[in-house]
Amino acid sequence: MKRTLSKTSINGFINYGIVIAAFLILQLLMAQGMISNTLKSLLVPVCCYIVMAISLNLTVGILGELSLGHAGFMSLGAFSGIVAAMAMQEFSPVPRLIAAILVGSIAGALGGVLVGVPVLRLQGDYLAIVTLAFGEIIRNIIVVLYVGLDQKGIHITTNSAGPALEEGGIMVIKGPMGAVGVPKLASFTAGFVLILITLFVVQNLVNSRAGRAIMALRDNRIAAESVGIHVTKYKLMAFVISAALAGAAGALFGLNYSSTVSSKFGFNTSILILVFVVLGGLGSIRGSIISAALLYILPEMLRGFEFITKARMLIYAVILIAVMLTINNPALKSLLEERDLSLGGLLGKLKNGGRAKKGGAGQ
Amino acid sequence: MKRFAAVLLAALMVFAMAACGGNANQQSSTPGGDAGNSTPGGGNDTPAPAGTVTIKVGGIGPLTGDLAQYGTATEWGAQVAVDEINALNGPVRLEYDFQDDTGVAETGVAAYNTLKDWDVDVIYGTTTTAPCIAVASETFADRYFQLTPSASSPDVTANKDNAFQMCFTDPGQGIAAANYMKDNNLGTKIGVIYNNGDAYSTGIAQAFADKAKELGLDVVATQTFPADTTTDYTVQLSACKDAGADLVFLPIYYTPASLILAQAKQMSYAPVFFGADGMDGMLDMQGFDKSLAEGLMLMTPFNASATDSRTATFVESYKKLSGGVIPNQFAADGYDCMYAIYEACCQIEGVGEMDHSQLCDALIALFTGGTFKVDGLTGTGMTWLQSGEISKAPVVVKVENGAYVNA
């Protein structure tokens with residue numbers, strides 16, 4: 001047992017190591033001026049999507065419930081974070097950012113509780129449908145929401161004329177126009193720290209008593225219940241933590257652009273994050289980090305080649321399908337696993353990571 | 001083994017990122033060079049005579065996704081102008097690149113940074129409002145001059161001296177519509193149907209409602225729908241009909257509007273329909289029964305069936321480029337943007353020695369100086385206000401026998 005545990009913690013440290021090494025190397029390259037503007041502009045969103053992928057992996061890979069509304073939590077975090085940052089005009093950027101991320105994660109968590117309590121009684125397809133609907137509800141609510149700030153505080157209305165504001169008041173969220181004039185507070189360092197916090201939270205949860213209970217629920221609900229594991233409690237715990245992390249990522253994302261519209265956080269974004277998680281390997285944290293980073297940068301990399309600029313989204317889709325088929329091909333998998341050093345073997349390992357961990361945690 | 005695997009993967013990841021960066025750098029250093037360099041730009045253009053200044057214009061707009069039709073129109077419209085300008089062999093040549101933003105702010109910013117890696121001088125775009133606001137705040141910080149053909153929200157230019165618009169602002173259109181209705185006594189009772197999930201539509205409708213109240217117009221029904229993918233408008237139309245509206249204002253895009261016209265006919269409701277510039281393009285929709293649009297009034301700065309030689313040449317070249325598609329006002333605004341940039345650059349002394357921020361300041365001074373006027377397809381003698389908003393006369397047209405006539 002001791003050996004298994006130390007193996008999982010080594011695994012966890014490797015994840016921290018990858019993230020820290022990538023951060024340091026990128027900082028070094030940036031100091032040398034060796035990084036293009038394109039890549040620089042992608043660093044913060046990549047951090048956000050990595051956090052999104054890790055947190056969705058908690059729901060999908062570790063809790064084993066399919067959620068299609070993850071972008072809804074991101075949206076809650078983004079807009080509440082923006083309102084918080086705008087309300088703290090007189091503070092300096094760093095405390096504003098921290099407060100916004102905290103507010104974003106609280107909003108995400110509240111959303112998680114709100115959805116989780118009634119919905120986690122459902123399973124499988126039904127849960128997927130309800131979470132999908134939740135994501136759409138959030139989007140449609142924010143589209144008609146008008147939020148203004150003045151001396152007296154925050155004013156919220158659904159009237160398209162907007163709330164009546166005092167002299168000097170500002171509109172923060174303007175219905176379908178979204179949030180505009182948002183200060184750019186997010187930074188790569190903040191994104192890096194957020195990834196580390198996410199890793200810390202998720203990895204420690206997975207390796208704790210609660211995490212083992214969560215995984216037991218995934219593997220066999222009836223057996224887990226029979227040994228006295230409280231189903232609703234542990235399911236809700238995983239779901240709410242996942243939603244809170246998504247809210248934090250959303251707040252960081254919202255504060256990286258001067259305009260954010262709610263239609264951005266629709267069904268497509270939820271699916272995009274799910275694609276990161278599935279291609280990285282269900283249950284594999286490291287897989288989520290790597291696939292989110294690579295797959296987010298990929299369409300932008302494809303811009304660089306003159307002849308495929310026009311068809312880059314098509315090529316992106318083809319690459320996704322190719323990766324999916326390759327890592328699922330049993331013949332290829334066994335062939336590559338014989339040569340343990342090859343990339344394919346690594347991918348196979350990543351894919352099997354979740355399953356291996358499953359076994360490890362049970363011991 | 002696992003440790004080794006992880007290190008290898010980390011290295012791969014960083015390598016991939018660095019490769020991406022390196023690639024972009026390489027691309028930016030190959031063709032053209034920056035302003036002041038007399039090397040000719042694109043491959044199929046005629047070589048430039050010595051002493052010509054090349055200005056790199058980088059366009060951004062949606063080429064994929066739901067909004068691709070608008071992005072492609074602005075891309076091609078500008079392309080027609082760039083080809084014409086470079087054939088003039090004038091003192092300034094334009095080198096043109098257009099990047100896809102899928103109509104999303106985050107991709108827009110990434111596209112803008114790709115253009116920065118290409119050593120862009122002037123930003124043309126973005127086509128849609130949400131990415132335009134995000135990109136404009138970046139160009140404002142980086143000091144690039146930005147001219148958008150079609151992002152019509154006042155937020156695009158708000159608090160940014162470097163962002164200018166070629167199109168009317170949304171509130172501007174709403175106010176113009178209300179004024180026009182009042183001046184021409186178009187209707188006694190007015191109904192409004194708009195898309196409350198869309199910034200463009202909501203922006204016009206809000207300003208229209210305020211102005212209508214001020215002018216004493218009788219708005220009897222205001223109806224909304226949530227997205228352009230809605231297909232059934234009988235509820236909204238019935239509400240207008242029951243309220244007795246004899247004029248229905250539709251500040252929406254032409255796809256939903258075409259359905260509204262068809263469904264109004266089915267329920268034999270025949271008020272005067274009045275649209276904004278998003279309505280332009282309806283007559284060229286595939287499979288659209290033009291008789292439905294008979295009597296439709298809309299505000300559009302551009303009429304593709306106009307007979308003046310400049311419009312005719314533009315439509316001809318555009319159709320060649322697009323494979324037979326007739327240009328709409330998005331394309332015409334794009335065309336005018338390129339001429340505005342070209343004519344401005346021709347007027348600036350020593351444009352060849354300027355970097356992008358000096359060029360930005362010079363262009364701002366020229367555009368807001370009051371003497372700079374541009375004649376284009378969407379207006380003559382167009383000037384810009386300090387705010388970045390354009391000042392040109394709104395034109396209301398009416399559909400008669402399947403074509404626009406000036407109302």
Side-chain angles (χ1 to χ4, degrees), chain A residues 7 10-11 14-15 17-18 21-22 25-26 29 34-42 45 140 143-144 160-162 174-178 180-182 184 253 256-261 263-264 286 290 293-294 297 299-301 303-306 309-310 312-314 340-341 343 345-346 349-350, chain B residues 1-10 12-14 16-25 27-28 63-65 99-100 102 104-107 109-114 116-117 129-134 136-138 141 153 155 158-159 195-199 201-203 205-206 209-210 226:
Chain A
K7 205 172 181 182
I10 284 176
N11 234 331
I14 291 176
N15 289 346
I18 291 178
I25 293 173
L26 283 167
L29 288 176
M34 281 165 69
I35 287 185
S36 67
N37 290 312
T38 316
L39 187 58
K40 254 187 238 164
S41 77
L42 293 178
N140 280 305
V143 132
V144 295
S160 67
K174 294 197 269 188
M177 288 91 149
V180 291
V182 181
K184 189 173 176 169
F253 186 87
N256 191 41
Y257 299 102
S258 112
S259 84
T260 304
V261 290
S263 57
K264 158 74 195 133
R286 194 179 309 151
I290 294 169
L294 289 185
I297 292 173
E300 296 302 328
M301 275 172 77
R303 276 184 206 278
F305 305 97
E306 193 77 43
T309 306
K310 289 275 153 71
R312 71 194 174 90
M313 293 317 281
L314 181 74
D340 216 16
L341 285 178
L343 178 67
L346 289 175
K349 238 185 222 169
L350 286 175
Chain B
M1 190 44 66
K2 269 213 161 142
R3 189 191 300 265
F4 175 71
V7 171
L8 185 73
L9 265 174
L12 258 170
M13 200 165 123
V14 171
M17 287 175 157
C20 161
N23 185 22
N25 280 338
Q27 201 206 11
S28 66
L63 300 177
T64 53
Q99 290 290 337
D100 182 17
T102 67
V104 175
E106 56 175 309
T107 326
V109 172
Y112 160 66
N113 280 287
T114 307
K116 255 168 77 180
D117 288 331
T129 297
C132 198
I133 297 168
S137 74
E138 300 279 324
S153 162
D155 290 322
N159 307 323
N195 178 350
N196 68 348
D198 178 53
S201 194
T202 315
Q206 280 172 5
D210 293 344

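Everything quoted here is computed from the prediction, not taken from an experiment. Chain identifiers are assigned alphabetically (A, B, ...) following the order of the sequence lines, protein sequences preceding nucleic acid strands; residue numbering begins at 1 within each chain.
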Exercise for review: Count the heavy-atom pairs under 4.5 Å between each of A:Val143, A:Val180, A:Val182 and chain B, then report the option with the highest count.
Suggested key: A:Val180
Review point. What part of A:Lys184 gets closer than 4.5 Å to chain B, counting heavy atoms only: side chain, backbone, both or neither?
Key: side chain
Check your understanding: So do the side chains of A:Ile14 and A:Arg286 get within less than 4.5 Å of each other, counting heavy atoms only?
Key -> yes
Practice item. Mind checking the CZ-CG spacing from A:Arg303 to B:Asp100? Nearest 0.5 Å is all I need. Key: 6.0 Å
Point to revise | Part of B:Gln206 lying under 4.5 Å from any heavy atom of chain A | key: side chain
**Study point:** Heavy-atom contact with chain A under 4.5 Å, split by part of B:Ala111
**Key:** both
Check your understanding: Does any heavy atom of chain A fall under 4.5 Å from the side chain of B:Thr102, the backbone, both, or neither of them?
Key -> side chain
Check your understanding: Once you round to the nearest 0.5 Å, how far does CD1 of B:Ile133 lie from OH of A:Tyr257?
Key -> 15.0 Å
Exercise for review: Calculate, to the nearest 0.5 Å, the distance between atoms CD and NZ belonging to B:Glu106 and A:Lys264 respectively.
Suggested key: 3.5 Å
Exercise for review: Output the distance between atom OG (A:Ser259) and atom NZ (A:Lys174), rounded to the nearest 0.5 Å.
Suggested key: 11.0 Å
**Study point:** Option that, when pairs with chain A are counted at under 4.5 Å, heavy atom only, ranks first among B:Val109, B:Asn159, B:Val104
**Key:** B:Val109
Review point. CG/A:Leu294 to CE/A:Met301 distance, rounded to the nearest 0.5 angstrom?
Key: 8.5 Å
**Study point:** Segment of B:Asn196 engaging chain A (4.5 angstrom heavy-atom cut-off)
**Key:** both
